[in-house]
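First the structure, in the form of structure tokens, and then the observations on it.
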Number of protein chains: 4
Amino acid sequence: MKDDLQKSRSSTGAVRSEASHQAIIEAARTLLSEKGYAGFSIDGVARMAGASKPTIYRWWANKAQLIAEVYEVESARAIHIPEEMAVSQRFSLLLTTLWELWNNTPCGVAFRSFIAESQNNKENMELLRDQFMQRRFALPREILETAVRRKELPADTDIEMMLVMSFGFCWFHLLTDNLEKTEAIAPFVQHLFTAVPRKLRDGTETAP
Amino acid sequence: MKDDLQKSRSSTGAVRSEASHQAIIEAARTLLSEKGYAGFSIDGVARMAGASKPTIYRWWANKAQLIAEVYEVESARAIHIPEEMAVSQRFSLLLTTLWELWNNTPCGVAFRSFIAESQNNKENMELLRDQFMQRRFALPREILETAVRRKELPADTDIEMMLVMSFGFCWFHLLTDNLEKTEAIAPFVQHLFTAVPRKLRDGTETAP
Amino acid sequence: MKDDLQKSRSSTGAVRSEASHQAIIEAARTLLSEKGYAGFSIDGVARMAGASKPTIYRWWANKAQLIAEVYEVESARAIHIPEEMAVSQRFSLLLTTLWELWNNTPCGVAFRSFIAESQNNKENMELLRDQFMQRRFALPREILETAVRRKELPADTDIEMMLVMSFGFCWFHLLTDNLEKTEAIAPFVQHLFTAVPRKLRDGTETAP
Amino acid sequence: MKDDLQKSRSSTGAVRSEASHQAIIEAARTLLSEKGYAGFSIDGVARMAGASKPTIYRWWANKAQLIAEVYEVESARAIHIPEEMAVSQRFSLLLTTLWELWNNTPCGVAFRSFIAESQNNKENMELLRDQFMQRRFALPREILETAVRRKELPADTDIEMMLVMSFGFCWFHLLTDNLEKTEAIAPFVQHLFTAVPRKLRDGTETAP
DNA sequence: ATATAAACGAGACGGTACGTCGGGTCTTTTT
DNA sequence: AAAAAGACCCGACGTACCGTCTCGTTTATAT
């Protein structure tokens, strides 16, 4: 949308202020990391960003979506998982990197907040499930698919089940504020790849 | 007077009204199941229960603790998992029963709400992690320990890891409103028991 | 029959605890003088007195009446106005003494609080007007009546008007927190006695 | 952004809703006159006005100030005291008119309530004494000053003392719910002007 | 001496209001 | 057209008091 609007700048009036956009995201980031979920409010973001609430609501439908964008922006720096490693090592590295991200940036609070916020609202729940999580799944899914292609994993590996199990494991630690236990990752991954889950014979996958 | 003039004349004071207690729990239950987490408020509970807010706050520190009690009351009817079944079947049955409980009673909303609410507040987070979840772990832990005793599972089975993996898997479905996919349980359990996670050689367990 | 038997075995029961009575009055006094009207509550009195709220309500119908008793107890030490002085001097001394009492004891706050509280409630209003104030009027009325008897004042002096004018003048200073201006008393009294108000010819008095 | 990125893009914001303002004042007026001081609450006003409590608190610091505005609005219709009358007649007419206002409009309850409420709070006390009462004094003060100018009253008339005495007299009747005794006004005024209070020789006035 | 009846403390209770916060919408003005 | 400013309604928050109501415990009196 941003691009389109800017392109048609014949005489359609003012365009979205990128400065405001950045200020809002930055304020949201700061508020989340300093005050946590409990201290996060749209009012607070507007105050800190020097923006007005309507401006925020014009671009984000609600708190959850603003938080989601904070997460996405903050986690945008590409995670590089070297291709020459074995799949279990790649996966392990991915999870470790993820936990570090959650521990050391506002991403951890943002993710927890987004999950919590999504429980309020059917629309946000769908956003979380069908879009946000699908983007989170992309990289690990690619790693697993690559492994299948390379024959490191069986052709009928139930990749979706592996994703759900992995994120379930991570969410549990995230949502019980237990992310420091990074030593739990290795045994988990080891188990996961010891006997890779397979798709059911009828071909249906087992998880979302 | 407090100190010298009197001092005798003591009493234990009036006793908690069980009627109020029940009315409040029942109202909370109803509100959760009819309006969901978004429509749940202490004001609403007070209104519906015909109780006063101070009475609620006298006995529950906050929303989270009231919700937790709703869960515990509602889930109190004993779950019986026949002893003569194999451990993987017992575990599978437990998870299925749990999902049914979450699907068909206010327990599902209550659990989701309690998790969400706990993200607000360090105190509730600890309550969730150190007390509430330990009570949830009791039955599955016992099933696994029994299996170890019966030599169905190796002596060094990492039971805590299995618990975290299992609840992680369940939470993920719960928190993405995906509990209808009960057919995902079987493959999960199958994988879990295909290669049971073992404790590390140094004897430390791998999870919480 | 049974009733008769039971009736004959009756008693008057326990008697009012003077210790509690004293403790409550003392706590009320302290609370009023330390926290003022805004910080005065029956809960607070009960707490400080080590008494229970029902005990307070058993003996005083409401806040106002408790405050009134505090005033009466506190102001009980007899005020002596020498008889050999002229009436205007006696009156002036009385008012000065009164303002000192209000300034240096909880009486000032108590009186203000009692007046304020009486605005809430018809019953207390009548108490204030018909009983409490009549007791306050007693001494000045006596001084004026004595003066009439001694022929210092005309026989048709409108004593009630003088009382109302005097207390009106004092109330205004009390209720605007302006009691330090004691130098205003002398000119007031001087004016009051310069041309003493007389009763109307038809004999009816002019004030309450 | 607040500081550097932006700073232009400003505006004065939306303007106070006169409709809300009127609705709130009107509701306060109605509540006072129907339920009296005891039945007057900010919650009640909000409810009746269809306004929100924050809107009320945005414009009035507390109950007292809202009540004060009700009084001022309600008493705004100019009181006309014909200039050609003698000062004592003008004064008498003023007081009679005032008592009628208090008796026949919510002004009476509002004044009583404002006085009572001001006893709670130092800030409101000052408001009452230094602003509200000064506005009430304006008209009678002007009448007396005019009389001095016209030489109806001596040059050294202690006008402030006369004001305090007059309002003290009126307050006493107001605060003891005794305003029906309008026949008390005439003798009071007669006495007041029979021997007008004079300023002390040193030039200081005697009252506030 | 012993029953009785009232008073007592403790404190829970329903109610009402307090003053504040946040959510999301609307209006006005400025750019 | 977009934005800042900020007013608005709504409704919830957690707390304070009010006055009433159990409770079980003294305690003075009247048998």
Side-chain angles (χ1 to χ4, degrees), chain A residues 5 9 11-17 19-20 40-44 46 49-59 61-63 120, chain B residues 2 6-17 19-21 40-44 46 49-59 61-63, chain C residues 6-17 19-21 40-44 46-47 49-59 61-63, chain D residues 6-17 19-21 39-44 46 49-59 61-63:
Chain A
L5 275 173
R9 59 188 282 82
S11 70
T12 53
V15 101
R16 178 175 188 180
S17 157
S20 280
F40 182 86
S41 71
I42 297 288
D43 272 286
S52 70
K53 288 205 287 174
T55 300
I56 298 180
Y57 281 105
R58 186 173 304 114
W59 300 108
N62 49 48
K63 261 209 292 193
N120 273 314
Chain B
K2 193 148 205 171
Q6 198 124 338
K7 177 170 284 178
S8 39
R9 299 259 193 190
S10 71
S11 98
T12 54
V15 96
R16 181 175 188 177
S17 156
S20 274
H21 186 170
F40 182 87
S41 71
I42 297 288
D43 269 292
S52 69
K53 285 203 289 174
T55 297
I56 298 180
Y57 282 106
R58 188 175 303 119
W59 300 109
N62 48 49
K63 270 206 284 191
Chain C
Q6 296 227 339
K7 201 167 234 169
S8 64
R9 297 184 66 74
S10 68
S11 96
T12 57
V15 97
R16 180 177 189 177
S17 156
S20 278
H21 184 171
F40 182 86
S41 71
I42 297 288
D43 272 286
R47 214 152 34 229
S52 71
K53 287 204 289 173
T55 298
I56 298 180
Y57 281 105
R58 187 173 303 116
W59 301 109
N62 50 47
K63 264 209 290 191
Chain D
Q6 198 126 335
K7 175 169 289 178
S8 37
R9 300 265 189 189
S10 70
S11 101
T12 56
V15 96
R16 180 175 189 178
S17 156
S20 276
H21 185 171
F40 182 87
S41 71
I42 297 289
D43 269 290
S52 69
K53 286 203 288 174
T55 297
I56 298 180
Y57 282 105
R58 188 176 302 118
W59 301 108
N62 48 50
K63 270 207 282 192

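Just so it is clear: chains get the letters A, B, ... in the order the sequence lines come, proteins before strands, and each one is counted from 1. Only this structure's heavy atoms are used, side chains among them; waters, hydrogens and symmetry mates stay out. Only a predicted model underlies this, so the values are computations on that prediction, with no experimental measurement involved.
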Task: Position toward the 5' end of DNA chain F (nearest nucleotide), D:P54 or C:F40 - done: D:P54
Task: Separation of F:dA12 C1' from A:D43 CG (nearest whole Å) - done: 14 Å
TODO: Give one of base, sugar-phosphate or nothing for B:A51, where a contact means two heavy atoms less than 4.0 Å apart.
DONE: sugar-phosphate
Open item on the list: Measuring from atom CD1 of A:I42 to atom NZ of A:K63, what distance do you get when rounded to the nearest 0.5 angstrom?
Closed with: 7.0 Å
Open item on the list: Please report the interatomic distance OH(C:Y57) to CG(C:N62), rounded to the nearest 0.5 Å.
Closed with: 7.5 Å
Open item on the list: Can you tell me if B:W59 touches the phosphate of E:dA12, counting only side-chain N or O atoms and a distance under 4.0 Å to OP1 or OP2?
Closed with: no
Open item on the list: Rounded to whole Å, please give me the gap between CD1 in B:I56 and C1' in E:dA12.
Closed with: 14 Å
Task: Out of F:dT20, E:dT27, E:dG14, whichever nucleotide has its closest atom nearest the side chain of C:Y57 - done: F:dT20
Open item on the list: It should be established whether B:S20 places a side-chain nitrogen or oxygen under 4.0 Å from OP1 or OP2 of nucleotide E:dA12.
Closed with: no
Open item on the list: Considering every strand and a 4.0 Å limit on heavy-atom distances, what is the contact class for A:K53: base, sugar-phosphate, or nothing?
Closed with: base
Open item on the list: If you assign each of D:K63 and B:H21 to its closest nucleotide in DNA chain E, which residue comes earlier from the 5' end?
Closed with: B:H21
- [ ] Work out which heavy atom in B:G44 is nearest to a heavy atom in B:S41; give both atom names and the distance.
- [x] N-OG, 2.9 Å
Open item on the list: Is there a side-chain contact between C:S17 and the phosphate of F:dT27, meaning an N or O under 4.0 Å from OP1 or OP2?
Closed with: no
Task: Gap between atoms CZ and P, on D:R58 and F:dC9 respectively (whole Å) - done: 8 Å
- [ ] Ignoring hydrogens and angles, answer whether the base of E:dG14 and the side-chain atoms of B:S52 contain a donor-acceptor pair closer than 3.5 Å.
- [x] yes
- [ ] Specify the separation, in whole Å, of atom CD1 of D:I42 and atom C1' of E:dT20.
- [x] 13 Å
Open item on the list: Looking at every non-hydrogen atom in both residues, tell me the closest pair between B:A46 and B:S52 and how far apart they are.
Closed with: CB-C, 4.3 Å
Task: Closest to the D:R16 side chain, choosing from E:dA17, F:dC17, F:dC8 - done: F:dC8
TODO: Determine whether B:W59 and B:R16 make a side-chain contact, defined as any pair of heavy atoms from C-beta on separated by less than 4.5 Å.
DONE: yes
Open item on the list: Please classify the nucleic acid contact of B:G44 as base, sugar-phosphate, or nothing, using heavy-atom distances under 4.0 Å.
Closed with: nothing
Task: Out of E:dC13, F:dA3, F:dT22, whichever nucleotide has its closest atom nearest the side chain of B:A14 - done: F:dT22
Open item on the list: Please tell me if C:T55 has a side-chain N or O lying less than 4.0 Å from either OP1 or OP2 of E:dA7.
Closed with: no
